[in-house]
Amino acid sequence: MAPCREELDCGGAAPAPRQCGRVVSSPSELAGLAASSVRCGVCLEGFAGGEGPRRGSAPPGREVVLLACGHPFHEGCLQQWFEERRSCPACKRRFGHIIGRQPDVGTMAWRLDSRTRLAGHPDSFTIVMTFRFPSGRDPAGQQYRGRTQHAYLPHDERGKLLLELLRLAFRRRVLFDLRVSATDAKYWPAFNIHLKTATTGGPESFGFPDDGYFQRATEELRENGVTVAELA
C-alpha cells in the first residue's frame, strides 16, 4: 500500500490583496472613483479621493486595491474578506485556493489491485483508495461520527489523473465536508466530490460502468478550486 498521508492545508495564508491586483495611487484615478457611484463591495462605503498626492497617504487599510478582475476595494476590507473567502466579492473570481471543512485528522491511502476489474474497464487494474476519519468534534464543538470508506478508479490514464486531483482535493480539505447524511441523519465526513464506492452496479449504485463520471468529477473538483493546471 502506498500511503498518501501528507501535510494537510489547514488554512494557509490568505492571499495578499496587492498580489491580486494593484494599489490605486494616482490622485486622478482615486478622485474618479470617489466621484463615481462605485463603492467598496465589502464595507459598502465610497472611496476617498484627492486628499493627498502621495502614495500611502490614506489611513492603513483604506488604500484602494484594484483586483485583476477590475473591481476596487479597500485593502483592509479585502484582506479581511480573503481570510474567509478566496474570491472577488463582486464577480467571484478566485484568488488563492479554497480550504474546506474536511476534518484535519483524516488519512488517505491507495493501492493497486491487479485482481479486481471494474465493470466497463476489463483491461485495467484497479486503484483502491481508503479514507479513514476517526470521530471527533468540529470547530464549533459539535461531535461527528468517524468514517472508513473505500473508493475505486480504473488504473488507466483518466483514472491516474483523477487520483492526482483527488489527492490535491484531500490535502486542501475539500474532498469531504462535515454535514448530516441525507439517508440516516448522522453528522459525519460526507462526500463533497463524488467517489465511486462500488466496482459494479453503475451510477445508481455509485459504481461502474459510468461513462460520464470522469467529466462530472473534474467539474466538481473545478468548482472547489482543484484543476489539472495546478498539478504541473
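None of these values were measured; they are calculated from a predicted model. What's counted below: heavy atoms across the whole structure, side chains too, no hydrogens, waters or symmetry copies.
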Short N-O contact, Asp156 and Arg158, less than 4.0 angstrom: no

Presence of salt bridge, Glu45 and Arg39, under 4.0 angstrom: no

Report yes or no: do [X] and [Y] form a side-chain donor-acceptor pair below 3.5 Å?
X	Y	answer
Asp113	Tyr152	no
His155	Ser124	no
His74	Glu63	no

Side chains of Trp110 and Arg167 in contact at under 4.5 Å (non-hydrogen atoms): yes

Pairwise side-chain contact, Leu231 with Leu161, heavy-atom cut-off 4.5 Å (strictly under): yes

Plane angle bin for His121 and Phe214 - parallel if under 30°, tilted between 30 and 60°, otherwise perpendicular: perpendicular

Aromatic plane relationship, Phe170 with Phe176 - under 30° parallel, 30 to 60° tilted, over 60° perpendicular: perpendicular

Phe191 CZ to Thr197 OG1 distance, which is reported to the nearest 0.5 Å: 5.5 Å

With Thr130, the side chain to side chain donor-acceptor pair (under 3.5 Å) member among His150, Gln149, Arg111: His150

Within one Ile-Leu-Val-Met-Phe-Trp-Tyr cluster: Met129 and Phe125, side-chain cutoff 4.5 Å: yes

